[in-house]
Amino acid sequence: MTATDTDRPPFLPLTSLDTLWFQVAGTLCNLRCNHCFISCSPQNHTLGLMKFEQFKPHLDEAVQYGVKEFYFTGGEPFINPEIFEILEATLAVGPATVLTNATRFTEEKIARLAGMRDASEYSLELRVSIDGFSPETNDPIRGPGTFVQAMNGVRMLVAAGFLPIITSMRSWEIHQDDEFLREFKARLAEIGYTRPRMKLLPSLKIGQEAKRDHGYGKYEFVTEAMMVGYDETQLLCHNSRVVSDRGVHVCPILVDKPDAKLGVTLRDSLNGYRLRHQACITCYRFGALCSNAGSLEGNRLARSGSEANPALGTTPTQN
Amino acid sequence: MTERVAIFGGVYSNHLALAALLEDAPRRGAARIFCLGDLGAFGPHPDEVFPLLREAQIPVVQGNYDNSVGNNLADCQCGYTDAKDNYFARLSYDYTFANTAPENKTWMRDLPGEIRLNLNGVRVLLCHGSPRRMNEFLWETTTSLAFLERLCQDFEADIIVGTHTGLHWHRALPNGKHFINCGAIGRPANDGRTCVWYALLSIDEKASVTVEFIPLEYDHARLASEMRAENLPPEFVATIETGWWTTCLEVLPMKERARGVF
Ligand code: SF4
Ligand code: SF4
Ligand SMILES: [Fe+2]
């Protein structure tokens with residue numbers, strides 16, 4: 001191989017469309033956290049709120065392709081006035097996970113969520129971002145008052161029988177994890193959450209990303225050579241896509257990058273993507289940061305003929 | 001004539017439950033019995049299950065645990081991502097690995113990744129996690145029917161049977177196919193009962209499918225005392241004695257987790 005071959009960003013095919021994300025709140029959020037990787041805020045209209053009528057055809061198409069599970073993000077999904085209709089329609093056909101800052105909940109909204117959860121055979125997961133175990137540790141990152149608001153949201157969720165997954169981005173040294181978890185669990189126990197599910201996101205991943213955006217270094221790309229022997233199931237884009245009010249994009253991380261939009265329908269997005277962005281190197285190094293259980297490692301079963309008949313649903317399942 | 005087979009998985013070294021199953025399934029009319037893998041982990045004396053399986057000539061699909069132990073891998077490939085889950089996974093893997101005889105490791109290494117059956121014209125695919133990946137978790141509440149239909153189509157099967165998650169469930173799919181998780185006989189199903197579970201699959205001459213989950217009683221008190229004698233974690237023993245999962249919980253989806261007490 002020549003140097004030019006192996007220095008190119010690699011083309012990663014979509015192995016299987018298992019996970020579909022919906023950017024239901026676009027880049028709009030009631031908060032403006034300083035580590036937000038797509039800089040969401042009340043004024044960022046790069047991507048808008050998704051209307052139910054925009055959402056529904058994508059959901060139907062996803063069922064045709066045999067998508068396994070659905071994720072909802074933004075921005076803050078619960079600022080979308082049609083989020084409940086959207087989640088209800090989803091829970092009729094598959095499991096839903098919503099990434100939320102939990103600052104916009106009311107008893108009525110949570111009762112409605114609990115109702116649709118109980119009416120579905122699927123799980124409705126809520127992942128709540130809180131980046132510290134106190135106002136002093138969380139609010140500098142997520143904004144004044146957000147710790148108290150989010151904990152109140154968690155309290156209401158737990159009272160309604162939810163087991164929200166609390167996610168925190170590590171802003172401390174890794175050896176302090178246990179201490180952090182102990183402190184946070186004590187706070188959660190005080191509000192009635194006695195068996196908390198918690199997930200720590202790797203340190204500085206996104207923050208580093210922001211810095212990288214300004215300093216394009218020569219070697220700051222994933223290259224074809226780097227993919228040799230690499231487990232590409234670490235990368236979100238090997239088995240998922242994201243839909244916004246503008247169309248279908250390769251992944252939630254690049255959703256605001258024009259060249260990461262792949263088309264209008266899922267069918268347009270089934271080929272692969274060349275991992276040409278700075279953010280790709282972060283994914284490459286740290287692995288998927290977005291799914292509930294993290295990435296499931298390798299060990300694919302070889303099956304004769306499976307290359308010719310990939311699990312990718314390029315032929316919609318019949319029914 | 002109706003064809004009836006018993007299918008079980010997740011043995012986790014529970015040789016007492018395995019012995020009970022080998023008596024129970026034929027009594028219920030199962031002409032053949034199949035094992036979907038994960039012979040070791042969790043329980044005591046990993047070598048004890050092999051003579052039972054060989055004597056009864058049970059066809060076995062390779063599980064991730066069998067693949068790991070058989071190939072001298074560093075861990076069990078269970079796919080846990082939480083530090084606490086991994087702590088307990090490591091304890092049981094190291095114990096199982098150290099106490100499995102070399103010839104049993106070789107035997108596990110050579111197990112097939114899938115078994116296909118034809119029962120009255122119905123194509124049945126037996127696998128461990130999913131047909132496409134040995135350690136894929138397919139949970140009842142996080143796997144869409146559309147996805148299961150896609151698997152049936154891609155893998156040319158009318159019925160897919162797996163284990164791996166340790167919780168039994170069955171879905172009749174809108175397109176007439178079926179997905180079954182046969183559960184595990186190695187530990188209880190996080191339901192507060194001490195019994196363990198396996199599946200009976202019956203297909204009549206008109207190709208109509210019946211799936212039944214069988215609660216299997218066995219001498220769990222004896223298993224618990226064997227585990228204690230081997231210094232296995234008290235958390236594991238508690239699961240055997242109470243029927244509630246105490247470890248490896250972070251991987252459970254919300255609804256499965258909410259059914260348990262921990
Ligand atoms: S709550 Fe989430 S989407 Fe909103 S600004 Fe913070 S990180 Fe961004
Ligand atoms: S940012 Fe990550 S998920 Fe997105 S295209 Fe690049 S490698 Fe794939
Ligand atoms: Fe397994």
Side-chain angles (χ1 to χ4, degrees), chain A residues 15-18 62-70 90 93-97 117-118 120-126 161-165 177-178 181 194-195 197-200 233 287-288 291-303 305-306 309-313 315-319, chain B residues 61-62 64 67-68 73 75 77-85 112-114 125 127-156 169 171 173-177 249-258 260-262:
Chain A
T15 321
S16 169
L17 186 55
D18 291 349
V63 171
Q64 292 294 302
Y65 285 116
V67 170
K68 187 180 170 199
E69 48 188 335
F70 301 95
T90 303
V93 298
T97 297
R117 172 198 66 199
D118 295 342
S120 174
E121 61 196 14
Y122 297 112
S123 273
L124 169 58
E125 295 279 8
L126 292 151
F162 284 99
L163 300 171
I165 300 171
D177 278 2
D178 286 348
L181 289 171
T194 50
R195 45 171 170 161
R197 301 160 81 203
M198 304 192 65
K199 188 174 157 77
L200 301 180
T233 64
S291 70
N292 286 336
S295 64
L296 300 170
E297 273 135 56
N299 194 33
R300 256 154 230 270
L301 260 187
R303 192 184 78 95
S306 63
N309 177 20
L312 168 64
T315 42
T317 53
Q318 325 143 319
N319 71 61
Chain B
V61 170
Q62 188 180 56
N64 53 291
N67 181 280
S68 286
L73 300 190
D75 67 59
Q77 308 175 85
C78 286
Y80 299 132
T81 54
D82 179 79
K84 196 160 162 263
D85 285 356
E114 64 176 44
L125 169 51
C127 61
H128 182 74
S130 84
R132 62 182 191 170
R133 201 173 66 222
M134 187 186 280
N135 67 347
E136 181 166 18
F137 288 111
L138 297 181
W139 302 101
E140 182 174 18
T141 76
T142 54
T143 310
S144 75
L145 299 187
F147 175 76
L148 295 172
E149 290 189 336
R150 160 148 73 98
L151 285 183
C152 288
Q153 171 160 311
D154 287 349
F155 290 87
E156 294 162 359
W169 56 283
R171 286 272 185 272
L173 307 177
N175 65 358
K177 315 285 188 202
L249 290 161
E250 297 309 323
V251 75
L252 290 175
M254 192 246 156
K255 282 195 175 172
E256 280 82 350
R257 180 81 182 257
V261 296
F262 293 106

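Predicted model only: the values in this text are computed from it and were never measured. Order of the sequence lines fixes the chain letters, A, B, ..., with proteins taken first and strands second; residue numbering starts at 1 for each chain.
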Q: So which heavy atom on Phe147(B) is nearest to which on Asp18(A), and how close?
A: CE1-OD1, 3.7 Å
Q: Do you see a donor-acceptor pair shorter than 3.5 Å between the side chains of Thr233(A) and Arg133(B)?
A: no
Q: Met254(B) versus Phe162(A): any side-chain heavy-atom pair under 4.5 Å?
A: yes
Q: Under the 3.5 angstrom rule, does the side chain of Arg150(B) hit a backbone N or O of Val67(A) as a donor-acceptor pair?
A: no
Q: Do you know which two heavy atoms are closest between Glu121(A) and Lys255(B), and how far apart they sit?
A: C-NZ, 4.1 Å
Q: Could you report the tightest heavy-atom contact between Ser123(A) and Glu256(B), atom names first, then the distance?
A: OG-OE1, 4.2 Å
Q: So, the side chain of Arg197(A) versus the backbone of Arg257(B): is there a donor-acceptor pair under 3.5 Å, distance only?
A: no
Q: For the backbone of Thr142(B) and the side chain of Lys68(A), can you confirm whether one donor and one acceptor N or O come within less than 3.5 Å of each other?
A: no
Q: Go through the atoms of Leu124(A) and report whether side chain, backbone, both or neither lie under 4.5 Å from a heavy atom of chain B.
A: backbone
Q: Pick whichever of Leu173(B), Leu138(B), Leu249(B), Val261(B) has the most heavy-atom pairs under 4.5 Å with chain A.
A: Val261(B)
Q: Can you list the residues that meet the side chain to side chain contact (heavy atoms under 4.5 Å, CB included) rule with Asp85(B), with sequence neighbours excluded?
A: Tyr80(B), Asp82(B), Cys248(B), Glu250(B), Val251(B)
Q: Listed by chain and number, what are the side chain to side chain contact (heavy atoms under 4.5 Å, CB included) partners of Asp118(A), not counting sequence neighbours?
A: none
